[in-house]
Amino acid sequence: MSKFRRRPNFFAAVKGPILAASLALPLTLLSAQSTFAEEKPFTSMTIAPDDPEACRLPKPPADLAETAYLRNGYHAILRILIAEDTLAAQSCDCRIDQTSWDMALNALPRFRTSDSPRLPFKVLDLHAQADALEAELAEICAETRAK
């Protein structure tokens, strides 16, 4: 008698069922795809555009500054300037159309925290300041509307 036992074929035991499932799956998906397309048209997957009435500052243009860090900083500076102007005017009107990116560039000395031309300000601090001013403005405007 032989001392060797016959082991089960690894392909038959493990890889065979995996191969069969991998061949059956695409066929299942093909048949399910036609019913899926009928239930949800492609247009239902599109993202709804932002509210056009929202007073929101657009993204800074690419030619405003050479790096995204600087553009984000100028974006935050302009948000601060708009919020301060709106608070000073004691108005809840949108003032974005009365601003320009040149205002942010001209206001740089006020917000400069470093002499480095590549990192002249701390963007996170500017965003925090802009968020705080906009929150204050939103609170005042909500109280004004409630009266």
Side-chain angles (χ1 to χ4, degrees), residues 8-147:
N9 186 347
F10 182 71
F11 180 79
V14 176
K15 291 186 178 179
I18 292 173
L19 181 62
S22 66
L23 292 175
L25 186 61
L27 295 175
T28 307
L29 291 176
L30 283 175
S31 63
Q33 184 178 6
S34 62
T35 58
F36 177 75
E38 293 167 6
E39 293 173 9
K40 294 184 179 181
F42 182 73
T43 56
S44 71
M45 297 171 57
T46 59
I47 297 172
D50 290 338
D51 182 15
E53 298 297 317
C55 185
R56 200 166 183 191
L57 189 61
K59 288 174 51 173
D63 61 349
L64 181 67
E66 65 184 54
T67 64
Y69 183 86
L70 292 173
R71 288 190 298 273
N72 289 335
Y74 291 128
H75 186 266
I77 288 172
L78 196 54
R79 284 177 53 208
I80 291 169
L81 295 175
I82 292 170
E84 288 175 346
D85 183 48
T86 306
L87 286 169
Q90 296 179 348
S91 170
C92 291
D93 296 334
C94 182
R95 295 177 172 267
I96 287 178
D97 57 343
Q98 300 168 7
T99 61
S100 70
W101 292 106
D102 291 333
M103 292 173 63
L105 293 171
N106 294 336
L108 177 61
R110 178 177 156 202
F111 297 98
R112 183 179 291 276
T113 58
S114 167
D115 290 334
S116 170
R118 299 199 44 87
L119 301 171
F121 38 66
K122 296 179 180 175
V123 174
L124 292 177
D125 293 348
L126 293 173
H127 278 296
Q129 185 178 353
D131 290 342
L133 286 169
E134 288 173 348
E136 181 182 346
L137 182 62
E139 185 179 320
I140 291 171
C141 290
E143 289 174 3
T144 304
R145 285 186 211 117
K147 289 181 183 180

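Not measured: the values here are computed from a predicted model. Each residue takes its place number in the sequence, starting with 1.
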Between atom [atom1] of [X] and atom [atom2] of [Y], what is the distance when rounded to the nearest 0.5 Å?
{"X": "I140", "Y": "T86", "atom1": "CD1", "atom2": "OG1", "value": "10.5 Å"}
{"X": "E134", "Y": "Q129", "atom1": "CD", "atom2": "CD", "value": "11.0 Å"}
{"X": "D85", "Y": "T99", "atom1": "CG", "atom2": "OG1", "value": "9.0 Å"}
{"X": "E84", "Y": "L137", "atom1": "CD", "atom2": "CG", "value": "11.5 Å"}
{"X": "T144", "Y": "E139", "atom1": "OG1", "atom2": "CD", "value": "10.5 Å"}
{"X": "C141", "Y": "L87", "atom1": "SG", "atom2": "CG", "value": "8.0 Å"}

Taking the side chain as everything from C-beta on, heavy atoms only, tell me whether [X] gets closer than 4.5 Å to [Y].
{"X": "L64", "Y": "L70", "value": "no"}
{"X": "C94", "Y": "I82", "value": "no"}
{"X": "H75", "Y": "W101", "value": "yes"}
{"X": "H127", "Y": "V123", "value": "yes"}

D97 atom CG, neighbour heavy-atom count above 12 within 6.0 Å: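 Yes - once you tally the heavy atoms of other residues, nucleotides and ligands closer than 6.0 Å, there are more than 12.
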
L119, CG atom: more than 12 neighbouring heavy atoms under 6.0 Å: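 Yes, CG of L119 has more than 12 neighbouring heavy atoms, counting only those of other groups under 6.0 Å.
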
Quick check: closest heavy atoms across [X] and [Y], and the distance to 0.1 Å?
{"X": "Y69", "Y": "F121", "result": "OH-O, 2.7 Å"}
{"X": "L126", "Y": "G73", "result": "CD1-O, 3.8 Å"}
{"X": "L57", "Y": "I96", "result": "N-CD1, 3.3 Å"}
{"X": "R95", "Y": "C55", "result": "N-SG, 4.2 Å"}
{"X": "A130", "Y": "A76", "result": "CB-O, 4.0 Å"}

Working for side chain to side chain contact (heavy atoms under 4.5 Å, CB included), residues R110 and L81: CA-CA 11 Å; R110 178 177 156 202; L81 295 175; 3.5 Å; yes

Residue among I77, N72, L78 satisfying side chain to side chain contact (heavy atoms under 4.5 Å, CB included) with Y74: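 Result: among I77, N72, L78, I77 is the only option passing the side chain to side chain contact (heavy atoms under 4.5 Å, CB included) with Y74.
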
Pair R118-E66, side chain to side chain contact (heavy atoms under 4.5 Å, CB included): steps then yes or no: CA-CA 9 Å; R118 299 199 44 87; E66 65 184 54; 2.5 Å; yes

